[in-house]
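Here is the structure we will look at, set down as structure tokens.
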Amino acid sequence: MINLPVVKPKCGVVYVIGAGFSMALGYPLVNDLLIRLWEWNKFPKTLQDRLAKVIKFHHPGFNPSRRTSFPNIEQLLSEMMVNEDLFNASRSSPGGFTRDELTSIRSELLLSMSMWFHSIGSSINLKSECPEWLKKFKSMLRPEDTIISFNWDLVLEQLLFGAKLDASSYGFGPRNFKLPLILKPHGSLNWFHLESGGRLKPDKKFLLKPELGESFYVFTRYRQPKSKAGHDYMPVIIPPILNKSFQQGVQWETWRYSVASLSVAERVVFLGYSMPDADLHGRFIMQCGFHNQLDGVLKKDGKRSVPTTAASVTIVNPDRSAAARIESVAGAFNECVWEPMGVQLWVENY
């Protein structure tokens, strides 16, 4: 089990945020992400043509004119990774693509996804046009609450912090108990590696400094992943694939604090998060947190702290299969209530 930082018992409500939370603002769900990206008017045609050949290899029935033939983005990216890993072992000559070309297509796809998300985010101004349900959600939050968001977008940063966003907002440095904490295990569109983030100017930015590993530059607003000179810079986002890779540093510490918050939560509310099959890391972290609620947090001396007892669990998602996946992890010892509706409707009727 994971050794965790010292946290105050019963830290409040933990909200686990997924793609269903941002859907009402124009962001895609995992199931329709590739379809909508394909229809985006700025999706490069040259990439479309090359990617179509890769998709058709893995899914022979693929036809861009038929929406039902598009694969799930998690499945496709995982298949492409397997293709790259076994490229040399599966053929005696490169054939239609080289391994480097496959890697390039995958990288360009992820960059296009981040630029599309940036485009959606840039059209949202919560300061002047904040939907009523988001205002109500903000009023529901308490300073001791924690948000674990698996989304890349900056909706919650805009809603809660605005220009006051700093390292403590993400759990780095002394916690500001005047506002909830937001943890982003899958990265964020405003996070950049030091080398690329240092070249992107002149936007306001700050550093996330972990105890070990690389620091990240964080921009206080949406920053297009392209410099004024036209160079592309990939944000620190974890793609939706089965075999995810997390660097020691900011990402590890974010996971650690996610477990710490879940371990002492008085209530856990899943908002539009489906615990997809490809997110084995998210599932494991949830299992650790719910386990610690009953057995206590494992301390550095090998002993466990006094457990805070099982938290009540609310699952807000119209998808029954998503609710079942979450309950399979949380429901053994926790009381789970399924609210079969979208996040916006649930908040409005809360």
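Because the structure is a prediction, the values reported are computed rather than measured.
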For M23, the other hydrophobic cluster members (4.5 Å side-chain criterion, sorted by chain and number) are L29
Please indicate whether E348 has more than 12 foreign heavy atoms, meaning atoms of other residues, nucleotides or ligands, lying under 6.0 Å from its CD.
yes
Looking at K56, I'd like to know if its NZ atom is crowded, meaning that more than 12 non-hydrogen atoms belonging to other residues, nucleotides or ligands lie closer than 6.0 Å.
yes
Looking at the rings of [X] and [Y], which for Trp means the six-membered one, are their centres under 6.0 Å apart?
{"X": "Y15", "Y": "F21", "result": "no"}
{"X": "Y350", "Y": "W346", "result": "yes"}
{"X": "F70", "Y": "F62", "result": "yes"}

With a 4.0 Å cut-off on N to O distance, would you call E132 and K135 a salt bridge?
yes
Under 4.0 Å between a Lys/Arg side-chain N and an Asp/Glu carboxylate O for D49 and K53?
no
If I take atom [atom1] from residue [X] and atom [atom2] from residue [Y], how far apart are they, to the nearest 0.5 angstrom?
{"X": "L181", "Y": "T146", "atom1": "CG", "atom2": "OG1", "result": "5.0 Å"}
{"X": "L154", "Y": "N190", "atom1": "CG", "atom2": "CG", "result": "4.5 Å"}
{"X": "I35", "Y": "T68", "atom1": "CD1", "atom2": "OG1", "result": "8.0 Å"}
{"X": "R320", "Y": "W338", "atom1": "CZ", "atom2": "CH2", "result": "6.5 Å"}
{"X": "L207", "Y": "E214", "atom1": "CG", "atom2": "CD", "result": "10.0 Å"}
{"X": "I148", "Y": "I285", "atom1": "CD1", "atom2": "CD1", "result": "8.5 Å"}

Can you say whether the rings of [X] and [Y] are parallel (under 30°), tilted (30 to 60°) or perpendicular (over 60°)?
{"X": "W191", "Y": "Y170", "answer": "perpendicular"}
{"X": "F150", "Y": "Y273", "answer": "parallel"}
{"X": "F43", "Y": "W38", "answer": "tilted"}

List the steps and the verdict of side chain to side chain contact (heavy atoms under 4.5 Å, CB included) for F172 and T254.
CA-CA 9 Å; F172 291 82; T254 299; 4.0 Å; yes
Heavy-atom check, side chain of I124 versus side chain of D153, under 4.5 Å
no
Should S112 and Q48 be marked as a side chain to side chain contact (heavy atoms under 4.5 Å, CB included) after you check the CA-CA gap, both sets of side-chain angles, and the distance that decides it?
CA-CA 11 Å; S112 293; Q48 237 181 41; over 6 Å; no
